[in-house]
Structure formats: C-alpha cells, structure tokens
Number of protein chains: 2
Amino acid sequence: MHTIGTLSKRTGTKVQTIRYYEQIGLMREPVRSSGGQRRYHDADLDRLAFIRHSRQLGFPLDAIRELLDLSDAPSRPCADADAIARRQLRQVELRIERLRALRKELKRMVDDCDGDSVAECRVLEVLRDHSECLTQHEEIGA
Amino acid sequence: MHTIGTLSKRTGTKVQTIRYYEQIGLMREPVRSSGGQRRYHDADLDRLAFIRHSRQLGFPLDAIRELLDLSDAPSRPCADADAIARRQLRQVELRIERLRALRKELKRMVDDCDGDSVAECRVLEVLRDHSECLTQHEEIGA
DNA sequence: TCTTGAACCTCTACCCGCTGTAGGTCCTAT
DNA sequence: ATAGGACCTACAGCGGGTAGAGGTTCAAGA
C-alpha cells in the first residue's frame with residue numbers, strides 16, 4: 001500500500017494533480033486509512049504511470065480515458081488503441097507544421113529588424129500590417 | 001465610427017473576444033452610442049488587428065501588451081520589441097523540438113503495432129512502460 | 001507514552017485565452 | 001409601428017491543472 005506522496009514521487013505527479021485525476025474519474029477512488037488518508041495498490045501506481053506517460057506524449061485526458069478502458073478490457077484493443085495513437089500522431093504533425101510556418105515568419109521579422117534603425121521597427125511594422133506576411137496563418141498557433 | 005460587429009468581421013475576432021480584450025485592458029474603452037453600444041475609431045480597428053496578428057504568431061497576451069506599449073510610445077522601441085520577438089521565436093523553436101521528439105516516439109509506437117497481433121498491443125505496452133521509450137520527454141508536450 | 005512536524009485532508013479560487021448561454025435592450029429597414 | 005438582427009451585461013465553463021487556507025493524521029524520536 002502506498003500513500004499519495006509515494007505515488008507523487010514515483011511518477012513525478014503533483015499530489016493535487018493525483019487528487020484531480022480522481023475527481024474527474026481518471027483514477028479510481030482508493031481505499032482509505034482509518035484516519036481517512038488515501039492508500040493505493042501497485043495497480044494504481046501503474047495506472048498513474050500510464051496516465052502520466054500518455055500526457056507526456058501529448059494525449060488529451062479524454063483519449064487517455066479511452067486508452068485506459070481499452071487497456072482494462074483487452075478483448076480487441078489493438079486496432080482501437082492504434083487509431084487513437086494515429087490520431088494523436090496526426091495532431092502532433094499538424095502542430096509541427098503550423099509552428100514551422102510561425103517560426104519562418106518570426107525569423108524573417110527578427111532578421112529584417114537586425115539593423116540599428118531605431119525609428120522604424122520592423123517587428124512592430126510587420127505586426128501592424130498583416131499583408132507583409134508570407135503565409136496565411138489563420139489558425140492561432142500551437 | 002464602427003460597431004463591434006464591424007470590428008469583429010474585419011479582424012476575424014469574435015465579438016465576445018473583443019469585449020474580453022477590453023475587460024483585461026488590452027483594448028481601450030470605446031465611446032458609447034446614446035443607447036450604450038460601443039462605437040470604435042479606426043485606430044481601435046488597427047489596434048485590434050495588431051493584437052490578432054500577434055496572437056496568430058503565438059505571442060501571449062502579456063507580450064502583446066508590451067508590444068502595444070512600445071508601439072504607442074516610439075521613443076526607443078526597436079531593441080525591446082526585437083527582444084520580445086526573439087523570445088517568442090525561441091519559444092516556438094523549443095516547442096518544435098519537443099513535438100519532434102513526441103512525433104518520433106508516437107511513430108515508433110504506431111509502426112511497431114502494425115502487425116495484426118490482437119492480444120499484445122504495442123501501443124498500450126509502450127504507454128504502460130516508459131522504459132521502452134527512446135527519449136526522456138520530461139516536460140509535457142505542446 | 002508523548003511530542004513534534006511532515007504529510008495528509010477538504011474546499012475554494014485561480015491561471016490562459018477565450019467561448020457560450022441567458023435574458024434583456026437597441027437600431028434600422030420596411 | 002414593428003420585426004428581427006445586432007447589441008448589452010453577467011456569469012459559467014473548457015482543458016489541465018496549480019495554489020492556498022485552515023485543519024487533521026501519521027510515524028519517528030525522546
């Protein structure tokens with residue numbers, strides 16, 4: 001049996017976050033000590049590790065919930081889990097593309113501004129006038 | 001004089017968002033019609049366009065506030081604005097790097113899972129066991 | 001056995017950057 | 001005069017937590 005602090009240390013998750021996961025039903029309610037403190041099984045530790053690792057890979061909590069369900073009921077999980085992972089991969093690729101366009105724009109802005117012309121700031125100019133941009137960055141970055 | 005709806009259409013910003021910007025002090029309080037509706041000058045339109053464009057480039061609102069201040073008082077803005085833009089560029093580059101590591105991990109996971117072994121799902125396995133990862137992705141993605 | 005003090009508890013509010021809803025008012029074209 | 005779209009305020013909620021107040025429990029040392 002582990003305390004919440006042990007889970008926290010072992011998975012690098014803040015104590016509040018673990019309680020938050022319980023609150024939103026991602027972690028099961030653990031048994032309690034006579035004094036009302038949470039006591040966890042090894043299985044809970046594993047579950048939390050799974051959650052944290054998935055978060056580190058950028059999965060949203062909803063997707064993690066699905067993955068956990070699949071993991072719990074291993075009737076036919078592979079195809080479904082695979083689909084979730086592929087979806088996540090597409091998301092990540094999309095974000096990379098968007099960020100690359102942003103980087104290009106920012107780089108151009110900063111590079112152009114390199115001179116010591118104080119009166120006319122290229123950075124502010126570009127921000128003021130969208131038409132100076134190469135790309136159409138319709139969707140907000142990230 | 002423009003209505004809030006005009007600003008909304010012209011800058012692609014939702015009406016509520018414009019009011020929100022006013023609330024947090026990013027947009028100035030406009031004059032009102034006799035019936036209490038907001039009426040904007042061209043300068044406000046420009047300011048909003050500046051804000052939106054900066055957001056599209058991923059600047060957080062705090063940074064935009066600074067940029068607007070610099071833009072308003074053009075005594076010595078260039079170096080400061082440049083610094084803000086460079087900071088943003090670094091942030092974007094950092095995020096790209098992190099996402100690339102994520103992508104690699106996800107790709108490996110998904111590719112490995114390609115077989116039709118239903119019982120043993122590679123995706124779930126990797127999520128369960130962090131030690132199967134190549135990289136240490138300490139900080140949460142995005 | 002008692003005492004400390006670290007770790008635990010609940011509850012509430014806050015972060016960013018909006019978005020949505022409810023319930024009401026204004027403005028303008030017909 | 002009226003219809004109905006655009007506007008108003010106020011508040012709640014999203015994701016994914018984080019911080020703090022104010023109180024209790026637990027375990028190790030004296």
Side-chain angles (χ1 to χ4, degrees), chain A residues 1-27 29-40 44 48 50-68 88 91 95 98 137-142, chain B residues 1-27 29-40 44 48 50-68 88 91 95 98 137-142:
Chain A
M1 295 296 241
H2 313 287
T3 64
I4 199 169
T6 306
L7 260 74
S8 170
K9 259 167 234 148
R10 295 245 219 133
T11 63
T13 314
K14 303 216 164 167
V15 166
Q16 288 105 310
T17 304
I18 300 174
R19 290 198 279 247
Y20 168 72
Y21 286 159
E22 182 183 327
Q23 199 184 306
I24 62 169
L26 210 55
M27 288 292 285
E29 289 190 18
V31 293
R32 300 280 185 144
S33 72
S34 54
Q37 299 193 352
R38 288 169 179 82
R39 294 293 179 260
Y40 293 96
D44 297 311
L48 182 56
F50 184 107
I51 294 170
R52 293 312 288 180
H53 192 198
S54 303
R55 284 295 296 132
Q56 282 166 351
L57 289 168
F59 288 90
L61 293 181
D62 276 0
I64 297 175
R65 215 184 288 271
E66 287 185 73
L67 288 168
L68 281 168
Q88 173 62 11
Q91 288 299 312
R95 281 202 274 172
R98 286 214 208 115
H137 33 74
E138 290 309 320
E139 311 210 19
I140 279 180
Chain B
M1 294 298 238
H2 313 288
T3 63
I4 200 169
T6 307
L7 261 75
S8 169
K9 260 167 231 146
R10 294 245 220 131
T11 63
T13 314
K14 302 219 161 164
V15 166
Q16 289 104 310
T17 304
I18 300 173
R19 291 199 279 248
Y20 168 72
Y21 287 159
E22 181 183 327
Q23 199 184 305
I24 61 168
L26 211 54
M27 288 293 283
E29 288 191 17
V31 293
R32 301 277 185 146
S33 72
S34 54
Q37 299 192 353
R38 288 168 179 83
R39 293 293 178 260
Y40 294 95
D44 297 312
L48 183 55
F50 184 107
I51 294 170
R52 293 311 288 179
H53 191 199
S54 303
R55 285 295 296 133
Q56 282 166 351
L57 289 167
F59 288 90
L61 293 182
D62 277 359
I64 297 175
R65 215 183 287 271
E66 288 183 73
L67 288 167
L68 281 168
Q88 174 62 12
Q91 287 300 313
R95 282 204 272 173
R98 285 214 208 115
H137 33 73
E138 292 308 322
E139 311 210 18
I140 278 181

Is the phosphate of D:dG17, meaning OP1 or OP2, less than 4.0 Å from a side-chain N or O of A:Tyr21?
yes
Measure from CG on B:Leu7 to P on D:dA6 and round the result to the nearest Å.
15 Å
If you only use heavy atoms from C-beta on, which nucleotide in C:dC8, C:dG17, D:dG17 is closest to the side chain of A:Leu61?
D:dG17
Categorize B:Arg19 for me: base, sugar-phosphate, or nothing, with a 4.0 angstrom heavy-atom threshold over every strand shown.
base
Without decimals, in angstroms, what is the distance between A:Gln23 CD and C:dC11 P?
10 Å
Between D:dA6 (C1') and B:His2 (NE2): distance, integer Å
17 Å
Against the side chain of A:Tyr20, the closest entry in D:dC7, D:dG17, C:dC8 is D:dG17
Phosphate-side-chain proximity, B:Lys14 and C:dG17, N/O vs OP1/OP2 below 4.0 Å:
no
A:Ile64 atom CD1 is separated from D:dG17 atom C1', nearest whole Å, by 13 Å
If I take atom CD in residue B:Glu22 and atom C1' in nucleotide D:dA10, what distance separates them, rounded to the nearest angstrom?
14 Å
For residues B:Glu22 and B:Pro30, report the shortest heavy-atom separation together with the two atoms involved.
OE1-CD, 3.5 Å
Going by the rule side chain to side chain contact (heavy atoms under 4.5 Å, CB included), which residues pair with A:Arg10 if we only count those two or more places apart in sequence or in a different chain?
A:His2, A:Thr6, A:Leu45
Can you confirm whether A:Met27 sits close enough to A:Asp44 that some side-chain heavy atom of one is under 4.5 Å from a side-chain heavy atom of the other?
yes
Grab the OH-P distance between A:Tyr40 and C:dC8 for me, whole Å please.
10 Å
Would you say B:Thr17 places a side-chain N or O within less than 4.0 Å of OP1 or OP2 belonging to C:dT19?
yes
How close or far is atom P of D:dG17 from atom CE of A:Met27, stated in whole angstroms?
13 Å
Identify the pairs formed between an N or O of the protein and an N or O of nucleotides 26-30 of chain C at a distance under 3.5 Å, and give each distance.
| unit_1 | atom_1 | unit_2 | atom_2 | d |
| --- | --- | --- | --- | --- |
| C:dC27 | OP1 | B:Ser33 | OG | 2.9 |
| C:dC27 | OP1 | B:Gly35 | N | 3.0 |

Per atom distances to the B:Gln16 side chain, the nearest of D:dC7, C:dT21, C:dC18 is C:dT21
Whether B:Arg38 contacts D:dT9 is assessed here as follows: a side-chain N or O lying under 4.0 Å from the phosphate OP1 or OP2. Is that the case?
yes
Could you tell me how far apart A:Ile18 (CD1) and C:dC9 (P) are, to the nearest whole angstrom?
10 Å
In Å and rounded to the nearest 0.5 Å, what is the CG to CG distance from A:Leu7 to A:Leu48?
5.5 Å
Let's go through A:Arg38 and A:Ile18 carefully: what are the C-alpha distance in whole Å and the side-chain angles of both, what is the deciding distance for side chain to side chain contact (heavy atoms under 4.5 Å, CB included) to 0.1 Å, and is it a yes or a no?
CA-CA 11 Å; A:Arg38 288 169 179 82; A:Ile18 300 174; over 6 Å; no
How far apart are the C-alpha atoms of A:Tyr20 and A:Leu61, what are their side-chain angles, what is the distance that settles it, and do they pass the side chain to side chain contact (heavy atoms under 4.5 Å, CB included) test?
CA-CA 12 Å; A:Tyr20 168 72; A:Leu61 293 181; 4.2 Å; yes
Working to the nearest 0.5 angstrom, can you tell me the gap between B:Thr11 OG1 and B:His53 NE2?
13.0 Å
Less than 4.0 angstrom between a side-chain N/O of B:Arg32 and OP1 or OP2 of C:dT25, yes or no?
no
To the nearest 0.5 Å, how far apart are OG1 in B:Thr13 and CZ in B:Arg52?
4.0 Å
Select base, sugar-phosphate, or nothing to describe what B:Ile24 touches, counting heavy atoms under 4.0 Å on all strands.
nothing
